[in-house]
Amino acid sequence: MKFPFFNFNKTQAPEFWKRYSEHFKSKEQRTIKETRFIVFDTETTGFDFKEDRILCIGATAIKDNKILIKDGLEVYLHQSVFKADTVKIHGILKSEKVKKVEEIEALIQFLDYIKDSVLVAHHAGFDIGIINRALKRHNLGKLKNDVLDTGILFKRSKHIVNIIDPNKKYTLDEIAQELKITPKDRHTAAGDAFITGLAFLKILPKLNKDGNMKYKDLFINPLNY
Amino acid sequence: MKNTIAERIADFLKNYPPFNLLTKKELKSISEEVEVLYLEKGKFIFNAESKPLAHFYIVNKGAVKLTMQEEEKQNIIDICDEGDIFGLRPLMVKENYILNAETNEESILYGIPLHVFKPLSEKNKNVKNYLITSFASNIKDTSIVEGRGNISSYIKKETNNDLFNLQNAKFTKKPITCEATTTVKEIAICMRDQQIGAMVVAKNKKPIGIITSKDLRNKVATGDFKIESKAQEIMSSPVITSTEEITIPEAHIAMLKHSASHICITKDGTPKSKLIGILSLHDLIVSLGNNPSVLIKEINRAKKSKHLRTIREKVDLLLKTYLEQELPFPHILNIISEINTVIISRSIELCLKKMDSPPPVKFTWLALGSQGRKEQLLMSDQDNALIFEDVPKTKFQETQEYFISLSIKVVKYLNTIGYEYCPADMMASNPKWCTSLTEWKKQFDDWIINPDGAGTLLSSIFFDYEYIYGEKDLTDKLGRSLFKTINEHKYFLSKLGKDVIDKPSPVGFFRQFIVETNGDHQEAFNIKIRALMPLIDAARILILSHNLKNSNNTLNRYKKLAELEPQNEDLYNSCARAFRTLLKFKTEQGILNNDSGKLINLESLSKTEKLKLKRAFKPIKEIQELLIIRFNLKQMM
């Protein structure tokens, strides 16, 4: 299956990509309160950017310290790549009865949904990477959004003396436990997105003890994790 | 679109009212619109006087306190925890908030938009009714102040409710009626055959008159009317009518006012509607008969265990009514314990008659444990003991045999009445607990001087003995001996104290359960062992340390302690309140589940009940700390 826009260049960019890019033209100063954050998670067939495919994207929006359930996305993808050994983690079978869409359709939905919001994910590098890879397969550019990683934010929120190993990578389960979030629906994209969202809500006030935190302060990485 | 997160929200909401009353579809539509908030401790959700927000909230995790500013004071009106909703009323009535809502600990709240909820609540009759009732009952007395460990705001103000105020009079349904043209003779025959005192004369099922035995006596037997006369000639008309909601005092007043002995119960309360029943003065007396003084008279007249059993069942009914009517709890305790004591005395009396010979020497029958403390409300096990006067060694065996055979009879008798056998055999029928005064003194001394595990357990049961029947002097002598030994062995009280503080605080335990309601930990909570016993034991130890024996009841003990130690008055008072709440709770649960109530299924509790319990646990920790200091228990830990 080949689409005419597979030979991607700026003038021939498909409508949805133009829509998406349009959002980033504004250079307005952002505030944390008014920023829309999209907390998301992907379930994939594995951890290899090249080989593996996205099975599901789950996302929920946060604005003004509130998770807005209505403003969510949960999309399941048709994929020809199927690995039996990861089924036990994500639980998505090849012939699962949920409504599934083609990869490109999922990407369109995702881009329309996220707009220029800040993307938040746990170990965001992986989720961003696998989506960028998918975009590339469809001859599209990379995601333009600002990205936050709850793994890093969580480390920043811990007092420096409590960090035994600065290189430690906290799993979602570990931070959920420390932040006393009951893990439920783990390993469904939406469930993990929700847990990540709660973690994000709980971490923010810890980073913003004096209440003066600015939007750009979210992205500093003092310890270079 | 599949919406896992909304499903999870729905999963939570469906456990709590009013959301549990919604259909699946309705619940889904609400869940999809929810906002999830996380707030650290001490953050305000809304303030009094501020305009209503677009959402109301349900606590998903944590707790939110609702407060009201009154002059200088911040009065806590309520604490909402998991599953409680707040901030709805102002939204519904479009008024500003009256209360402040502040997180009492870090909390996750679900905000539910009114614009989604309101149309549902109007459409769904169940939800509507729920909201109306809860709004109506939520108007709380704002003068209630909460102090340290104070749970008084959860005990309804003790009103001087007349015992019978709320009780509807019980009437006879589907009464026998006759026509206006029926003859007096037929009516009299029918009344005789049916053993009734009055007959309603009805036309088209509506009461038009009534003929009572009195009418037959005064109008027919006197010769004024013949027995062939028609009902309409002699009936009293019009009849007094009422709806079936009539209460006992109302009925009583109506009868006195009209000097009538019967009230016709009709559908709408007027003579113009269908007759559904008849309420007689006799019915009223029977209803009134369910009162303590009548019961005690009945007990003392009872000749058979069967009678006593029926009476004992009535006591349970009485207890239920008392609880429903929110009578002051100490009064309920007193009355019920008194009745229990009378039932047991009567049983002993009846058993003594069955013995071949009168008792060889004086004896006394003791109640132990909760009955001894006069805290036994529901039928629980019987714990009892018997002391007889000292006899020469040669006579001992013979005497003991006599009293054992008496005790066996009594214990069996009590079992027939409904008091279960004590599984640990702590009953007077056991030779160990049916012995002479000297032997008892030795036993008590042994427990005090050599406190081992079993000894302290037994002593905690036996030291709460209460005289029930027989020679009171024997118990007094035992008491004096008990204190003498305790004073000589102060270590004993420390040992008892140690046992109390070893019981884990129920707070942490309980909290854990609250969090894990969805998990597998659906075990019951033992309110007796975890919450009541520490308070009971602490009271006993402290009162023993003051060398007091005559106050056995835990409430009285704390009252006495508050008098003796004014510096700890607050703590003792809160212990008494907590005890009262917990025991009442246990009793209510027992009535609900038809058992002793000591095991509580946490799942079945409402949020308010859980919170009420949790607050009652507070003083336990404080009294345990007092014991640690008082008896120097640190070194034993």
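A donor and an acceptor atom, one from each side chain of B/Asn60 and B/Tyr38, are nowhere located under 3.5 Å apart.
At a 4.5 Å heavy-atom cutoff, the contact between B/Glu35 and chain A is made by backbone and side-chain atoms alike. Interface residue B/Ile108: only side-chain heavy atoms are found under 4.5 Å from chain A. For B/Glu7, no part lies near chain A; criterion is any non-hydrogen pair under 4.5 Å. Within the 4.5 angstrom heavy-atom criterion, only side-chain atoms of A/Leu198, from C-beta onward, approach chain B. Only the side chain of B/Ile9 comes within less than 4.5 Å of a heavy atom in chain A; its backbone stays farther off.
Comparing A/Leu68, A/Asp71, A/Ile69 by how many heavy-atom pairs each has under 4.5 Å with chain B, the most go to A/Ile69. With chain B as the partner, the residue from A/Leu201, A/Leu204, A/Ile181 showing the most heavy-atom pairs under 4.5 Å is A/Leu201.
When the heavy atoms of residues 57-67 of chain A are compared with those of chain B, the residues falling under 4.5 Å are A/Thr60, A/Asn65, A/Lys66, A/Ile67, listed by number.
By the salt bridge (charged side-chain N to carboxylate O under 4.0 Å, His left out) test, B/Lys14 pairs with B/Asp11, sequence neighbours left out. Among residues two or more places apart in sequence or in another chain, the side-chain hydrogen bond (donor to acceptor under 3.5 Å, both in side chains) test is passed with A/Thr150 by A/His122. Remark: A/Asp116 pairs with A/Arg30 by the side-chain hydrogen bond (donor to acceptor under 3.5 Å, both in side chains) rule, at least two apart or across chains.
Side chain of B/Glu26 to backbone of B/Thr23: a donor-acceptor contact under 3.5 angstrom is found.
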* **Check against salt bridge (charged side-chain N to carboxylate O under 4.0 Å, His left out), B/Glu33 and A/Lys70** => CA-CA 5 Å; B/Glu33 302 279 338; A/Lys70 195 166 79 167; 3.4 Å; yes
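None of B/Phe19, B/Phe12, B/Tyr57 except one satisfies the ring-ring contact (aromatic ring centres under 6.0 Å, His included) rule with B/Tyr110; the exception is B/Phe12.
Between A/Phe40 and A/Phe110, the angle of the ring planes lies from 30° to 60°, which puts this pair in the tilted group.
Under 4.0 Å is where a charged nitrogen must lie from a carboxylate oxygen, and between B/Glu32 and B/Lys28 at least one such pair does.
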